[in-house]
Structures are given as C-alpha cells and as structure tokens.
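Note that the structure is a prediction, hence the values are computed from the model and not measured. For this chain, numbers begin at 1 and follow the sequence in order. Both backbone and side-chain heavy atoms feed into the values below; hydrogens, waters and symmetry mates do not.
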Amino acid sequence: MSLQPLAQAEPTLIFIPDISGFSRFVKHNEIQHSQHIVEELLEAIIDANDIGLEISEIEGDAVLFYRQGVPPTSVELLAQIQRMYVRFHGHLKRYETHRICQCGACSSAHNLALKFIVHFGEISQKHVRNFTKLFGNDLIIAHRLMKNEVELEEYVLFTHQLLNACSAWVEMQQAAWDDPREGEGTYDGETVKYCYLPLEPLKVHVPEPRIEDYSVGATAKALTVEGVINAPMEMVFDVVSDVSFRHRWIAGLQDSGDLNGKITRAGSSHRCVMGGSAESDPAFISHKFELAQNVITWIESEHKAKWDVMIKLERIGKQLTRIYYIFFVKSNPLARLKFRLNTKHKMAAWVSGNFVTLDAYCKELLSEQHAHPAHIVTGLTV
C-alpha cells in the first residue's frame, strides 16, 4: 500500500469535542452498553456540524474535526458549539426518560459531560485510502490542551493562537453567553495561552423530551397466543425485546432493519425484513413498557397496518415464564373481519411455532450458563 507524500502545512482550525467522564463511565459500567451510548452521543455531535468541519478521526470519546483556510468568526464558532452542546444533552435527556435498562451504564449516562478544545495552526495532511491523517506540532498542542488546568466540568477552550488569527474575534465579548476567562499551560516547555467559557449557561437551551404517543388506536382484541418458556422472566425479556436478534427465533424473518438504537428503550423502532420490498415489510415502534416484579408488558405498534401487539411476560416459576402475544386491530367491523378471515389462524400457528424456537434458545443459554448478549437489566428480583 503506497502513501501519498506529506502535503505542505496549511492554516487549519482544530476542533475537538470531548466527552468528559468517559473513562470512568466505561471502566465502572457494563462495557457493551457504555460503548453504544457513547457512539450515539458522538453521532449526535457529528450530526450537529453546520460549519463544514471535516472529520479526521474518532478517538473513543472525542471527535477530531478540522477545517482548512480562514478560521470561522467567534459568532460562527459559538453558535456551532451551542448546537453540539444542546444536541448532546438533548440526547441524554431523552435517553433518561425513555430508557428501560437499569444497568450502571444506562442509569448513569446522564452524568456524562462535554468540553471543547479549539485551536488554529499549521497542519499537514497524509491521505491513506479514504482517511485523512493530520500531522504537526499544532495538532500535538491541541491534544495536550485536553489535559489542562481548567477546573470546570464543561467548558470550551480557545487558544490565543486562534484568537489572533481571527480578525472578528473581539465580537466574542458581545456574542458569548458568559465572560471569557484567561488561562495558560506549559506543554513540552512551550507556554500556551488560552481563554475559556463555561458551558453550564447553555443548559437552559436544552429542550425537555416530548411525550410521544406511538399507539395507532387499535383497541379491538383480535387474537391471543400464549406459550410457556423454560427460563426466568428477565432472560425471556432480554431475548424478546432484542429486535436485532429476532430473525434467530421468528420464522420467515430475515433481519431487523432501520434500527434507531442498539439498546431497547421506549421509542425503539425496527423493520421486519421478510424478503419483500422495504415498503411492504412491517415497521414497528416499541413503547409503553411496564416492568413489575412478576409481569412485564409492552406494546409494539405497526403504523402502516394499524395494529398493535401487546407482549406480556408472566413469572410462573423461578425458571418458568408464560408469554402472551395479544393482537389488536382497529375497532371497526371491516378491520376485525379482515383479520379473522385472512390472518388469525395462520398468525396463531406462526406465533406458537416461534415460541417453541424461543424456548429452545433460552434452554440452550441456561444449559451453557450464558446470558443473552443484549444485557437489558430490569432491576427486578425473584
């Protein structure tokens, strides 16, 4: 593999949003859910990029953005930082109100914070296939500044090198949400001066999550199918609520597409890929989760067909769970007749067969002393 020669250094903005508390969050919590949550937060930050920043790399808990040429004005940068901050904390707020899992990662995600390091200097690039690698002393400075003397949990730090490169930077005094504070640090014998702003005042702009109604108004009970699974209720819930795994135990299902998250929560959506067109494959939204000591219920709504499935799990023994699939259709005679004539009997046989496969999988987990990989923790005890 051949690499292109190192390009000549060019004036470049270096912009690094960094998730504070990441190391502690991952170290002390369920690793898989920690990773999923951080991935979603980084995606939220990236989606909020409105000033043409390019991504050089994602560094676990941070994104290394850059932009060559004339630096943005202070007004542009402050607006960009506010958009990313609001998107980040808006995602955390929604996650807290919609989450089901009670594991350490899911229940402590709201404690994560965000900081920004913004610098300007001479940066070279090397291109390796589709990736752009940045090089230069100013990149090293930007990374070293992530370990600084600022005692705030959430802040944005601008180096004086950036301030001096931007002719309109004096506008920050009028545009900023707080008074800039000065600081400096010594890195490899070089003193770097900077100013910084707290981000706490921006929390007033973070919207409260909307209370969403995902139901389709299907109130007429059309079919109830029940079965018994030889496994604890919590294990059955972990498996059944994991829509990405359903093709392993539901007959005819090839995959679950269009997932809007990897951790089950209220508002989780998926498409049942059955081999038809994307338009004909049913799409579901999971909601109305109710977790009690011996009963767990939730609803999955299919908005195109206008029917709901209530899934109910009932603990009938330490290693025994009764499962119900209860189908609801629109409360009008035509919808009920259509379901009874065209769907009811085939649906009942299909669901019963799926319960058999589900039971076999749960028995296999128990015999091998494994847990299902979704790791949804209900917090319930037998």
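Within a 6.0 Å radius of CD in E182, more than 12 heavy atoms belonging to other residues, nucleotides or ligands are found. Annotation: R248, atom CZ; neighbour count of heavy atoms from other residues, nucleotides and ligands within 6.0 Å does not exceed 12. The environment of NZ in K93 is crowded: more than 12 heavy-atom neighbours from other residues, nucleotides or ligands sit within 6.0 Å. Applying the 6.0 Å contact sphere to CD of E151 captures no more than 12 heavy atoms from other residues, nucleotides or ligands.
Between the side chain of T12 and the main chain of E10, a donor-acceptor pair closer than 3.5 Å is present. Under the 3.5 Å distance criterion, the side-chain polar atoms of R246 are left unmatched by any main-chain donor or acceptor of D255. In terms of modelled atom types and a separation under 3.5 Å, the side chain of K312 and the main chain of R322 share no donor-acceptor contact. Put simply, the side chain of Q80 gets close to the backbone of I51: a donor and an acceptor are under 3.5 Å apart. In this structure, the side chain of E302 engages the main chain of A283 through a donor-acceptor pair within 3.5 Å. Between the side chain of W350 and the backbone N or O of I250 there is no donor-acceptor pair closer than 3.5 Å. D308 contributes no side-chain N or O that, together with a main-chain N or O of S215, makes up a donor-acceptor pair within less than 3.5 Å. Judged purely by atom type and a 3.5 angstrom limit, N148 uses its side chain to pair as donor or acceptor with the backbone of V150. In this structure, E154 contributes its side chain and L114 its backbone to a donor-acceptor pair below 3.5 Å. No donor-acceptor distance shorter than 3.5 angstrom exists from the side chain of Q161 to the backbone of H119, with no hydrogens or angles considered.
Here the shortest heavy-atom pairing between A220 and S331 reads CB-CA, 3.9 Å. Taking both residues in full, the closest heavy atoms of D359 and V228 are given as OD1-O, 4.0 Å, listed atom of the first, atom of the second, then distance. The heavy-atom pair separating A251 from N354 by the smallest distance is N-OD1, 2.8 Å. Scanning both residues, N260 and S268, for their nearest heavy atoms gives OD1-CA, 3.4 Å. Counting all heavy atoms, side chain and backbone alike, I117 lies closest to A142 at CG2-O, 3.6 Å. Counting all heavy atoms, side chain and backbone alike, F135 lies closest to L139 at N-CD2, 4.2 Å.
Side-chain heavy atoms closer than 4.5 Å link hydrophobic residues (I, L, V, M, F, W, Y) into clusters, and following such links, even through other members, never connects I326 to L291. Both V240 and L365 are assigned to one and the same hydrophobic cluster, defined by single-linkage of ILVMFWY side chains at heavy-atom distances under 4.5 Å. At a threshold of 4.5 Å between side-chain heavy atoms, the hydrophobic network of Ile, Leu, Val, Met, Phe, Trp and Tyr places V356 and I323 in two separate groups. At a threshold of 4.5 Å between side-chain heavy atoms, the hydrophobic network of Ile, Leu, Val, Met, Phe, Trp and Tyr places I140 and L157 in two separate groups. In the hydrophobic clustering of this structure, I285 does not group with V243; members are Ile, Leu, Val, Met, Phe, Trp, Tyr whose side-chain heavy atoms approach within less than 4.5 Å, directly or through other members.
How far CG of L42 is from CZ of F88: 8.5 Å, rounded to the nearest 0.5 Å. Note: L320 CG to N230 CG = 5.5 Å, rounded to the nearest 0.5 Å. Interatomic distance, OG1 of T224 versus CZ of F327, reported as 9.0 Å (0.5 Å rounding). To the nearest 0.5 angstrom, R271 atom CZ is 12.5 Å from L253 atom CG. Interatomic distance, CD1 of I311 versus CZ of F289, reported as 8.0 Å (0.5 Å rounding). For the atom pair CG of L77 and CZ of R67, the computed distance is 8.0 Å after rounding to the nearest 0.5 Å.
Ring geometry, H287 versus Y214: the interplanar angle falls from 30° to 60°, so the pair is classed tilted. Under the 30°/60° scheme for interplanar angles, the aromatic rings of Y95 and H91 are found to lie parallel. Using the six-membered ring where Trp is involved, W298 and F237 have ring planes that are perpendicular, over 60° apart on the 30 and 60° scheme.
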H372/Y361 under ring pair (Phe, Tyr, Trp, His ring centres under 6.0 Å): CA gap, chis, key distance, verdict: CA-CA 10 Å; H372 182 69; Y361 173 68; 5.7 Å; yes
Given ring pair (Phe, Tyr, Trp, His ring centres under 6.0 Å), test F355 with Y325 step by step and report yes or no. CA-CA 10 Å; F355 287 168; Y325 265 43; 5.5 Å; yes
List the steps, then state whether side chain to side chain contact (heavy atoms under 4.5 Å, CB included) holds for L197 with L78. CA-CA 10 Å; L197 292 168; L78 291 170; 3.7 Å; yes
As a quick check of understanding, evaluate side chain to side chain contact (heavy atoms under 4.5 Å, CB included) for N164 and F120, giving each step before the final call. CA-CA 9 Å; N164 295 334; F120 191 79; over 6 Å; no
Set out, in order, the CA-CA distance, both residues' side-chain angles and the distance that settles side chain to side chain contact (heavy atoms under 4.5 Å, CB included) for I37 and L41, then state yes or no. CA-CA 6 Å; I37 292 167; L41 290 170; 4.1 Å; yes
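For the side-chain contact (heavy atoms from CB on, under 4.5 Å) with I376, the lone residue among Q102, E234, H33, M235 that qualifies is H33.
In summary, E40 and R99 do not engage in a salt bridge, as defined by a charged side-chain N under 4.0 Å from a carboxylate O.
Among residues two or more places apart in sequence or in another chain, the side chain to side chain contact (heavy atoms under 4.5 Å, CB included) test is passed with T321 by M233, V236, L313.
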